[in-house]
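Quick note: numbers below take in every heavy atom, side chains included, and nothing from hydrogens, waters or symmetry partners. For ligands, and for the atoms within them, numbers begin at 1 and follow the listed sequence.
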Amino acid sequence: MDSTVHPLRKFTRPQFERTTNCPGCGNGIVTQAILRAIDELNLDMDDFVFVAGIGCSAWIPSPLFAADTMHTTHGRPIAYATGVKLGLPDKHVFVVSGDGDLTAIGGNHLIHAARRNIDITVVLVNNGIYGMTGGQTAPTTPRGIRTITSPMGNLEHPFDISTLMVASGASYVARWTTYHPRQMTRSIKKAIQKKGFSLVEAVSQCPVQYGRASNLGKAVPMLEHFKTNSIRIEKTDNMSSEELDGKYVVGEFVDLDRIELSEEWARIKRQTSEADL
Ligand SMILES: Cc1ncc(C[n+]2csc(CCOP(=O)(O)OP(=O)(O)O)c2C)c(N)n1
Ligand code: SF4
Ligand SMILES: [Mg+2]
């Protein structure tokens, strides 16, 4: 093999030589974590359907990945993915989209997909902002952070997405930052293999919008910020909310087995067709 060719290049469409990401964007690290997970599991891209919404992170699979991809509407990738999974239950249905897409306009789709426990894998890129539209406050923007729509600092509390997903009924939930690419890859592998709704929250840097408005700066200081402020979930048991303020709690939040929707759907269809005979 030509050593100048990136080992994950085989998973991307040959006509695309560049991604749409700005230099230093965490989306590149998340892209590699997803493709490495597929590579390490020895899975075929033809077994996947990737579904994206609208936003910078939604460009991760579409049109780059050499697979069936759907670039859908803002806030609706989970709804499209639900239809794909029920129609094509043998496919790995994989949603990649942003925090704004999946927890603001698409928030209800997300919690109800977790409640239904449909076998979809979600990688939710949480950069704490609406990156693509110029850096507006999102439901994930930390308190006090300046954005173009909160120039005096955000007054609102952000969602804790991973905890929200556990409470909604997801079967597998993990959170890592882009400072943890190996752990993120391992969790994506588990999420793909899990029969049920699984979500990996990828806390990621947007140096262009988030970094600029909040004065956190460029990619490297943002990665250092993730490194310094991350804490493993196992160590948080006796910590107060004040001690956890500003920290990124990382690790596996849940890993369990529950009745899954597409299998139940297939069972009912079988019963109905047997009753018709
Ligand atoms: C119905 C609808 N509302 C609003 C928009 C504008 N819009 C496009 S992307 C986006 C936010 C994207 O933020 P996020 O999902 O966090 O992705 P990021 O760009 O940060 O990766 C918005 C508000 C749209 N395209 N469609
Ligand atoms: S605007 Fe931010 S999230 Fe979007 S590609 Fe650029 S750095 Fe990444
Ligand atoms: Mg975002």
Side-chain angles (χ1 to χ4, degrees), residues 16-34 50-65 69-81 94-111 113 122-143 145-150 154 156 158-162 164-165 175-179 181 184 199-226 248:
F16 296 111
E17 298 198 343
R18 304 168 61 110
T19 73
T20 52
N21 303 323
C22 308
C25 178
N27 284 348
I29 295 172
V30 180
T31 305
Q32 293 213 38
I34 295 169
F50 291 92
V51 186
I54 298 293
C56 298
S57 330
W59 284 87
I60 287 176
S62 167
L64 188 67
F65 288 4
T69 58
M70 296 172 74
H71 211 139
T72 67
T73 46
H74 188 50
R76 302 293 179 264
I78 297 276
Y80 284 88
F94 200 132
V95 172
V96 188
S97 222
D99 49 330
D101 187 284
L102 289 169
T103 71
I105 187 171
N108 260 309
H109 292 290
L110 186 69
I111 58 174
V122 180
V123 169
L124 186 158
V125 182
N126 181 0
N127 54 17
I129 205 152
Y130 291 166
M132 199 177 84
T133 41
Q136 297 85 356
T137 302
T140 46
T141 307
R143 265 175 58 79
I145 289 292
R146 283 205 298 268
T147 73
I148 59 156
T149 51
S150 54
N154 179 30
E156 301 176 6
F159 268 143
D160 179 337
I161 296 172
S162 289
L164 176 67
M165 288 294 90
R175 177 194 287 136
W176 298 105
T177 78
T178 43
Y179 185 76
M184 193 184 290
L199 182 137
V200 177
E201 181 183 348
V203 177
S204 176
Q205 75 277 14
C206 165
V208 170
Q209 304 296 359
Y210 190 103
R212 185 193 49 168
S214 67
N215 280 338
L216 271 174
K218 298 193 173 164
V220 172
M222 292 181 87
L223 284 164
E224 276 166 357
H225 176 77
F226 292 154
Y248 302 95

Any side-chain donor near an acceptor of the partner, Ser97 and Ser57, under 3.5 Å: no
Thr178 and Gln205: side chain donor to acceptor below 3.5 Å: yes
Using a 4.0 Å cutoff against the non-hydrogen atoms of [X], which atoms of ligand 2 qualify?
X      : answer
Cys56  : 1 (S), 3 (S), 4 (Fe), 5 (S)
Cys25  : 3 (S), 5 (S), 7 (S), 8 (Fe)
Cys206 : 1 (S), 2 (Fe), 3 (S), 7 (S)

State the [atom1]-[atom2] distance between [X] and [Y], to the nearest 0.5 angstrom.
X      : Y      : atom1 : atom2 : result
Tyr130 : Ile105 : OH    : CD1   : 8.0 Å
Asn27  : Leu64  : CG    : CG    : 11.0 Å
Ser204 : Asn21  : OG    : CG    : 9.0 Å
Leu102 : Ile111 : CG    : CD1   : 12.5 Å
Leu110 : Asp99  : CG    : CG    : 11.5 Å
Glu201 : Met165 : CD    : CE    : 9.5 Å

Centres of the Tyr80 and His71 rings: under 6.0 Å? no
Restricting to N/O/S atoms, is [X] within less than 2.8 Å of the Mg ion (ligand 3) or not?
X      : value
Asp101 : no
Asn127 : yes
Gly98  : no

Which residue owns the protein heavy atom closest to [atom], what's the atom, and how far is it?
atom                    : result
atom 20 (O) of ligand 1 : Gly131 N, 2.8 Å
atom 7 (N) of ligand 1  : Thr133 CG2, 3.4 Å
atom 21 (O) of ligand 1 : Ser57 OG, 2.4 Å
atom 15 (O) of ligand 1 : Asp101 N, 2.7 Å
atom 16 (O) of ligand 1 : Asp99 OD1, 2.5 Å
atom 3 (S) of ligand 2  : Asn127 ND2, 3.5 Å

Relative to the ring of Phe94, is the ring of Phe50 parallel (under 30°), tilted (30 to 60°) or perpendicular (over 60°)? tilted
Selection from Thr141, Ile54, Asn126 by shortest heavy-atom distance to atom 9 (S) of ligand 1: Ile54
Kindly identify the option in Met132, Gln209, His74 whose heavy atom sits closest to atom 3 (N) of ligand 1. His74
Among the N/O/S atoms of Asp99, the Mg ion (ligand 3) lies closest to OD1
When you look at OH of Tyr179, are more than 12 heavy atoms from neighbouring residues, nucleotides or ligands closer to it than 6.0 Å? no
Can you confirm, on distance only, whether ligand 1 has an N/O atom lying under 3.5 Å from any N/O atom belonging to [X]?
X      : result
Asn127 : yes
Gly100 : yes
Ile129 : yes

Please find out if atom 8 (Fe) of ligand 2 and some N, O or S atom of Cys22 are separated by less than 2.8 Å. no
Would you please determine whether Ile105 falls within less than 4.0 Å of ligand 1 on a heavy-atom basis? yes
Any Phe65 side-chain heavy atom under 4.5 Å of Ile60 side chain: yes
